[in-house]
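Quantities reported herein were computed from a predicted structural model and do not represent experimental measurements. Residue numbers start from 1 in every chain, and the chains themselves are labelled A, B, ... in the order their sequence lines are given, proteins ahead of strands.
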2 protein chains.
Amino acid sequence: MRDVFQAIADPTRREILGMIAYRSLNVNAVSGQFKISRAAVYKHIKILREAGLVEIKQEGRERFCHAKMEKLAVVSDWVEQYRKLWNQKLDSLEAYLEKLQNKK
Amino acid sequence: MRDVFQAIADPTRREILGMIAYRSLNVNAVSGQFKISRAAVYKHIKILREAGLVEIKQEGRERFCHAKMEKLAVVSDWVEQYRKLWNQKLDSLEAYLEKLQNKK
DNA sequence: TATAAATGAAACCTTTTGGTTTCACAATGC
DNA sequence: GCATTGTGAAACCAAAAGGTTTCATTTATA
């Protein structure tokens, strides 16, 4: 399974996710929003699916793309572990470490 | 300036950030932790710097890499806007939308 | 049934990535 | 002064990314 971080690295793919976040769309509806070819958009959708961020369900001849945002949890977890480093700049540990750093 | 999402897409770069999150290290200290060449690690550091995630300060002949985790805020913001979509699965809006989706 | 619509996938191309080795240079240390 | 240490950058490479056009297949429709 493809890395979620890598999947969301491309701006087009983030846009696709935003587009289907609240309502699923079929492949044509998604690709219609972009200037690049349908095939190119399809490849992006495929990558998102490989990362688990999108699920595709067939309905007749259409395939609807459903966003699985819970897969973003791994990104959230990674970022949040560092939040204290920029949110609580006056944190005592931070202050201590910075003092060490400057003294060096 | 380079896109932060793209900067953190590479696992080696995320590892570098974790390595210097709490204490700055010079380029050699960082590259010493990897099996790939110093030049390769240096390129990763350069990309992180271009994204604003790392700042380099010279001290004598050494260059210390300081992590600027606050630049991760853009990632945090993007992810968090979708948190309700997976955290509050019983949310009324969510339920309503899913009902619409299923009915279709 | 013949056409049109919606996709999936293949073949091909150019640019980016991620690595490597090598070389030049400034700051230190013997 | 000279060898060593710590870097930055260039030249080069193979593989991966991101696009394009084209073609085959399945499902609806006139």
Minimum-distance nucleotide to [X] side chain [options: [options]]:
{"X": "B:Ala39", "options": "C:dT7, D:dA9, D:dG19", "value": "D:dA9"}
{"X": "A:Asn26", "options": "C:dT7, C:dG8, C:dT20", "value": "C:dT7"}
{"X": "A:Ile36", "options": "D:dG19, D:dT7, C:dA6", "value": "D:dG19"}

Identify whether any heavy atom of A:Arg2 sits under 4.0 Å from a base atom; if not, whether one sits that close to sugar-phosphate; answer base, sugar-phosphate or nothing. sugar-phosphate
Side-chain N,O ([X]) to OP1/OP2 ([N]) below 4.0 Å:
{"X": "B:Tyr42", "N": "D:dA9", "result": "yes"}
{"X": "A:His44", "N": "D:dA17", "result": "no"}
{"X": "B:Ser37", "N": "C:dT20", "result": "yes"}
{"X": "B:Gln6", "N": "C:dT17", "result": "yes"}

Can you tell me how far [atom2] of [N] sits from [atom1] of [X], to the nearest Å?
{"X": "B:Glu50", "N": "D:dA9", "atom1": "CD", "atom2": "C1'", "value": "13 Å"}
{"X": "B:Asn28", "N": "C:dT28", "atom1": "CG", "atom2": "C1'", "value": "14 Å"}
{"X": "B:Asp10", "N": "D:dA17", "atom1": "CG", "atom2": "P", "value": "11 Å"}
{"X": "B:Asp3", "N": "D:dA17", "atom1": "CG", "atom2": "P", "value": "16 Å"}
{"X": "B:Gln58", "N": "C:dA26", "atom1": "CD", "atom2": "P", "value": "11 Å"}
{"X": "B:Phe5", "N": "D:dA17", "atom1": "CZ", "atom2": "C1'", "value": "19 Å"}
{"X": "B:Lys43", "N": "D:dC13", "atom1": "NZ", "atom2": "C1'", "value": "10 Å"}
{"X": "B:Glu59", "N": "D:dG6", "atom1": "CD", "atom2": "P", "value": "14 Å"}

Which heavy-atom pair separates [X] from [Y] by the least distance, and what is that distance?
{"X": "B:Arg13", "Y": "B:Ala7", "result": "NE-O, 2.7 Å"}
{"X": "B:Ile8", "Y": "B:Arg14", "result": "O-NH1, 2.7 Å"}
{"X": "B:Val54", "Y": "B:Cys65", "result": "CG1-CB, 4.0 Å"}
{"X": "B:Arg83", "Y": "A:Ser76", "result": "NH2-OG, 2.6 Å"}

Within the modelled atom types, does a donor on one side and an acceptor on the other bring the side chain of [X] and the base of [N] under 3.5 Å apart?
{"X": "B:Lys46", "N": "D:dG8", "value": "no"}
{"X": "B:Arg61", "N": "D:dT5", "value": "yes"}
{"X": "B:Arg38", "N": "D:dG8", "value": "yes"}

Whether A:Lys43 and A:Asp10 form a salt bridge (side-chain N of Lys/Arg under 4.0 Å from carboxylate O of Asp/Glu) is what I want to check. no
First of A:Arg63 and A:Lys35 reached from the 5' end of DNA chain D, by closest nucleotide: A:Lys35
Please figure out whether B:Val27 or A:Ala40 has its closest DNA chain D nucleotide nearer the 5' end.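 It is B:Val27 whose nearest nucleotide is closer to the 5' end.
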Separation between NZ of A:Lys68 and CG of A:Leu17, rounded to the nearest 0.5 Å: 12.5 Å
